[in-house]
Every structure is written in C-alpha cells, then in structure tokens.
Undergrad: 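Sharing a structure, written as structure tokens. Questions coming.
Each ligand, and each atom within it, is numbered from 1 in the order the structure gives. We number each residue from 1, following the sequence as shown.
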Amino acid sequence: MRRARHPPARGELSRPGAADDQGSGTLTIPTGEGCVAIIDDDDIPIVRGSSDGRGLRVAVVTARYNDFVTDALRDGAVTALREAGVAVDALLLVPVPGAFEVAGAARSVAARGGVDAVVCLGCLIRGDTPHFEYIASAVAHGIAAAASATDTPMSFGILTTNSVEEALERCRPDPSNKGREAAMAAIEMATLGRAMSARMSR
Ligand code: DLZ
C-alpha cells in the first residue's frame, strides 16, 4: 500500500495545552483507496474527560424492580463515585419503581438543575419480563432522549440479561460491577463537558 506522510505545518493546527491532555503518537487517516496519511497527533487539539469526580454533583436513579441486583449496582456506583472524589452531599439517590420509570426520573432531576450527571441503573431479565425487547428499547431511547433534552450526561447502567445468573455476574462488588462502570462513564462525560466549556469558549 502506498503511504504518504503529511506532517502538518507548524501553526496549521493550534494546540492549546491542558492538564488532562495526554495525546501522543501518530494517527493514521485513510485518504482514499491505497493511500494513507500518517500525521503526528501531537499537533491535533484534543479535549477529553477525566476520572476525577471532585466538585461534581451526581444523581443515581435506580429501579427497585429486581432489587437483589439493582441494590448492588447502586452500591457499586456509589462506591466508584466516592472513590473518584464526589462528595457525599453532592450525591442524590433517586429510587423509582422499575426500569420503565428511570428515564422520566432522570429527566426530572436533570431539568431541575443542580446535577452534572445522572447514573441510570436497572435490571431487565429476559425470561421474567414479557415484552423484554420492547421495554429495553423504550428505556434506552428514553434515557438518550432525557440526556439530549436536558443537555446532561446520563450513563446507561440498565442490565438486560438472559438469566438471573447473568445479572448476578454483572453486579458483583468488584471492578466488573456495571453500576461502577456507569458511574465512571458519567464522571468522564461530565468532566468532558467542563473541559469543552473551558477550551472551546476561547
Ligand atoms: C412490569 C415489569 C416487568 C415485567 N419486568 C421488569 C424488569 O425486568 N425490570 C424492571 O426494572 N421493571 C420491570 N417491570 C416494571 C416496569 O419497569 C414498571 O415499573 C411498571 O410497569 C410500572 O410502570
């Protein structure tokens, strides 16, 4: 394959510095059949979130249905948020009846202001849940729409599993806990928003 090397000229791309900016190496960009441009990505501006939750206010909306799973997801999320530096009084727990109610509550809490991100938690188990696909799809779309309508990051920690066993595997009190993963995604997206505001308003 023919390769063209196109280092950008100095000054062609501006690159404001930032503490969270760890970009390095090269970036390979297809430019057409048989031709690839390799550029030094040190020259490309980058904005990214972090895992630092200090100063963030986060709501955790949790479905009570299947609470033998969702309590453990909530505990994983809260543990991760606290470890990331989110203060106790900057956390808000919002229990709701079931997964179907999660998006509405997430939207309500975000629309009232005062939160930087919402972690959405629930558990749908295929065998136990008639219309499983329909409900799962409604919940996913509802959360995406709520995040979009309120311009607030909302992470998706709704388990959709084939069995109780699969659900239990995903809520263990360890790094694989999906509540923990959702919490860290929420922090990254909230800090990404802050980083964008700081950089892109220049
Ligand atoms: C009704 C129902 C069923 C059958 N299954 C689940 C489930 O697996 N996970 C869950 O979070 N909620 C379930 N629900 C409850 C609905 O989400 C909702 O709370 C009720 O239909 C009331 O609107």
Undergrad: Can a non-hydrogen atom of Pro130 be found less than 4.0 Å from any atom of ligand 1?
TA: yes
Undergrad: Rounded to the nearest 0.5 Å, what separation is found between the OG1 atom of Thr191 and the CE atom of Met196?
TA: 10.5 Å
Undergrad: Establish whether atom 19 (O) of ligand 1 and some protein heavy atom are separated by less than 4.0 angstrom.
TA: yes
Undergrad: Considering non-hydrogen atoms only, spot the tightest contact between Ala186 and Ser155 and give its length.
TA: CB-OG, 3.8 Å
Undergrad: Looking at ligand 1, does any of its N/O atoms fall within less than 3.5 Å of an N/O of Thr129?
TA: yes
Undergrad: Do other residues, nucleotides or ligands put more than 12 heavy atoms under 6.0 Å from Arg54 CZ?
TA: no
Undergrad: Considering Glu101, Arg126, Arg64 one by one, which has a heavy atom nearer to atom 23 (O) of ligand 1 than any of the others?
TA: Glu101
Undergrad: Which pairs would a plain distance check flag for residues 102-118, meaning a side-chain donor or acceptor within less than 3.5 Å of a matching protein atom at least two apart in sequence or in another chain?
TA:
residue : atom : partner : partner atom : Å
Ser108  : OG   : Gly104  : O            : 3.2
Arg112  : NH1  : Ser108  : O            : 3.1
Asp116  : OD1  : Arg57   : NH2          : 3.0
Asp116  : OD2  : Arg57   : N            : 2.7
Asp116  : OD2  : Arg57   : NE           : 3.1

Undergrad: Please write out which residues are connected to Val78 in a hydrophobic cluster, directly or through intermediates, given that two of Ile, Leu, Val, Met, Phe, Trp, Tyr count as joined at side-chain heavy-atom separations below 4.5 angstrom.
TA: Leu56, Val58, Val60, Phe68, Val69, Leu73, Leu81, Val86, Leu91, Leu93, Val119, Leu121, Ile125, Leu159, Val164, Leu168, Met184, Ile187
Undergrad: I'd like to check which ligand 1 atoms, numbered from 1 as shown, lie under 4.0 Å from a non-hydrogen atom of Asn66.
TA: 7 (C), 8 (O), 9 (N)
Undergrad: Within ligand 1, which atoms have a heavy atom of Ala99 less than 4.0 Å away?
TA: 10 (C), 11 (O), 12 (N), 17 (O)
Undergrad: Of all the atoms in ligand 1, which lie at a distance below 4.0 Å from a heavy atom belonging to Ile125?
TA: 8 (O)
Undergrad: Could you tell me, atom by atom, which parts of ligand 1 come under 4.0 Å of a heavy atom of Cys123?
TA: 7 (C), 8 (O), 9 (N), 10 (C), 11 (O)
Undergrad: As an exercise, state the distance from CD1 of Ile158 to OG1 of Thr62, rounded to the nearest 0.5 Å.
TA: 8.5 Å
Undergrad: For atom 12 (N) of ligand 1, which of the options Phe132, Tyr65, Phe100 provides the nearest non-hydrogen atom?
TA: Tyr65
Undergrad: State whether the side chain of Ser148 and the backbone N or O of Ala144 hold a donor-acceptor pair below 3.5 Å, judged by distance alone.
TA: no
